[in-house]
There are 2 protein chains.
Amino acid sequence: MKEHDHTQLLHDVDCQMPKDEVLAELSELFAVFGDTTRIKILWALFESEMCVCAIAELLHMTQSAISHQLKLLRHAKLVGSRRDGKTVYYFLADDHVRSIINQGMEHISE
Amino acid sequence: MKEHDHTQLLHDVDCQMPKDEVLAELSELFAVFGDTTRIKILWALFESEMCVCAIAELLHMTQSAISHQLKLLRHAKLVGSRRDGKTVYYFLADDHVRSIINQGMEHISE
DNA sequence: GTATCATATGAGCAAATGATCATATGATAA
DNA sequence: TTATCATATGATCATTTGCTCATATGATAC
């Protein structure tokens, strides 16, 4: 396969590309949204903060599965948590979550 | 593990949840953004439409790998394509792509 | 202290994913 | 037609992912 010439275009596009590091971080962020369970958790938290076992009950999944996913969401800074006695409540970290999900919804509902 | 009671909350949250079908579609969309290669392709197309082998050269990847990924992007309706002779040019399908990626960038740069 | 509830976490495993290789298809030129 | 370029696609394989199970940790009540 001999490639035809794109030298100029490639140069221009390459200049506009953010660092690999940034793009990796970006794709990791979207990967967090890229799972049904995690999307459901985030959507649930739109309404109200919730404890782990409530989310588990809502989604008909084990406490362990939910806890593992919440760990990912926390790492991505999409949710925060607060402890009240034995219970840990999770909540949306900021409004970017809503914005991103809303943009996604717009795209699929066309 | 006996669960404590969340009946009222669960009912309220459940009412606000979109159908599983919709949430699945939504997470599949974000999953497409959730890969470094695909994010790079989309970012490249911000600048200009490009043919497959130009993208491959830009990302230092094989034509085959890029072609497989473009298929996914096409399926998600994030890119479109047009043929000109032997060459196929890919371009961003609409502005949702830009909006979604911009929101993501905002989140990680805080 | 012990018992119990709520949550977190490590190991293991089946399923999904992303790249490569070989090959097929589509288009143009000679 | 044959040769070549550009792209698409199927098979394969190593890596990653998401769940389950068992167990650990943390907090409260007794």
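We use all heavy atoms of the structure for the numbers below, so side chains are in, but hydrogens, waters and symmetry mates are not. Here is how names work: the chains are called A, B, and so on, in the same order as the sequence lines, proteins then strands, and each is numbered from 1.
Of the residues near DNA chain D, B:Lys71 and B:Lys86, the one whose nearest nucleotide (by heavy atom distance) lies more toward the 5' end is B:Lys86. When the nearest nucleotides of DNA chain D are assigned to B:Leu70 and A:Arg83 by heavy-atom distance, the more 5′-ward of the two goes with B:Leu70.
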Might you list the N or O atoms of the protein lying below 3.5 Å from N or O atoms in nucleotides 18-25 of chain C, with each pair's distance?
| residue | atom | partner | partner atom | Å |
| --- | --- | --- | --- | --- |
| C:dG18 | OP1 | B:Arg38 | NH2 | 3.2 |
| C:dG18 | OP2 | B:Arg38 | NH1 | 3.2 |
| C:dA19 | OP1 | B:Thr37 | OG1 | 2.7 |
| C:dA19 | OP2 | B:Gln69 | NE2 | 2.5 |
| C:dT20 | OP2 | B:Thr62 | OG1 | 3.0 |
| C:dC21 | N4 | B:Ser64 | OG | 2.7 |

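Remark: B:Lys40 engages A:Asp20 in a salt bridge, criterion side-chain N to carboxylate O under 4.0 Å. B:Glu110 and A:Lys77 are not joined by a salt bridge, as no carboxylate oxygen comes within less than 4.0 angstrom of a charged side-chain nitrogen.
If you check the side chains of A:Asp12 and A:Gln16, you find no donor sitting under 3.5 Å from an acceptor.
In terms of hydrophobic clustering, with Ile, Leu, Val, Met, Phe, Trp and Tyr side chains grouped at heavy-atom distances under 4.5 Å, B:Phe91 and A:Met17 are assigned to different clusters. No continuous path of ILVMFWY side-chain contacts below 4.5 Å connects A:Leu72 to A:Ile39, so the two sit in separate hydrophobic clusters. Connection of A:Leu92 to A:Phe33 is established within a shared hydrophobic cluster, with ILVMFWY side chains joined at heavy-atom distances below 4.5 Å, either directly or through further cluster members.
Relative orientation of the B:His96 and A:His107 rings is perpendicular, given thresholds of 30° and 60° on the angle between their planes.
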Could you walk me through whether B:Leu58 and B:Met50 pass the side chain to side chain contact (heavy atoms under 4.5 Å, CB included) check?
CA-CA 10 Å; B:Leu58 176 70; B:Met50 293 178 77; 4.3 Å; yes
Assess whether side chain to side chain contact (heavy atoms under 4.5 Å, CB included) is satisfied between B:Leu78 and B:Arg38, documenting all intermediate values.
-> CA-CA 10 Å; B:Leu78 299 181; B:Arg38 289 189 295 266; over 6 Å; no
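Across all strands, B:Tyr89 comes closer than 4.0 Å to no nucleic acid atom at all (heavy-atom distances). Contact annotation for A:Ser67: base contact, defined as any heavy-atom pair under 4.0 Å involving a base atom.
In terms of heavy atoms, A:Thr37 sits closest to A:Leu59 at O-CD1, 4.0 Å. What you find for A:Ile66 and A:Ala56 is that their closest heavy atoms are CG1-CA, 3.6 Å.
One axis for each end of the helix from C:dG1-D:dC30 to C:dA30-D:dT1, each built from five base pairs, and the angle between them comes to 10° at 10° resolution.
Near-neighbour residues of DNA chain D inside residues 7-14 of chain B, defined by a heavy atom below 4.0 Å, are absent.
Distance, A:Ile39 CD1 to D:dT17 P: 17 Å, rounded to whole Å. Taking atom CG of A:Leu59 as the reference point, atom P of D:dT20 lies 12 Å away to the nearest angstrom.
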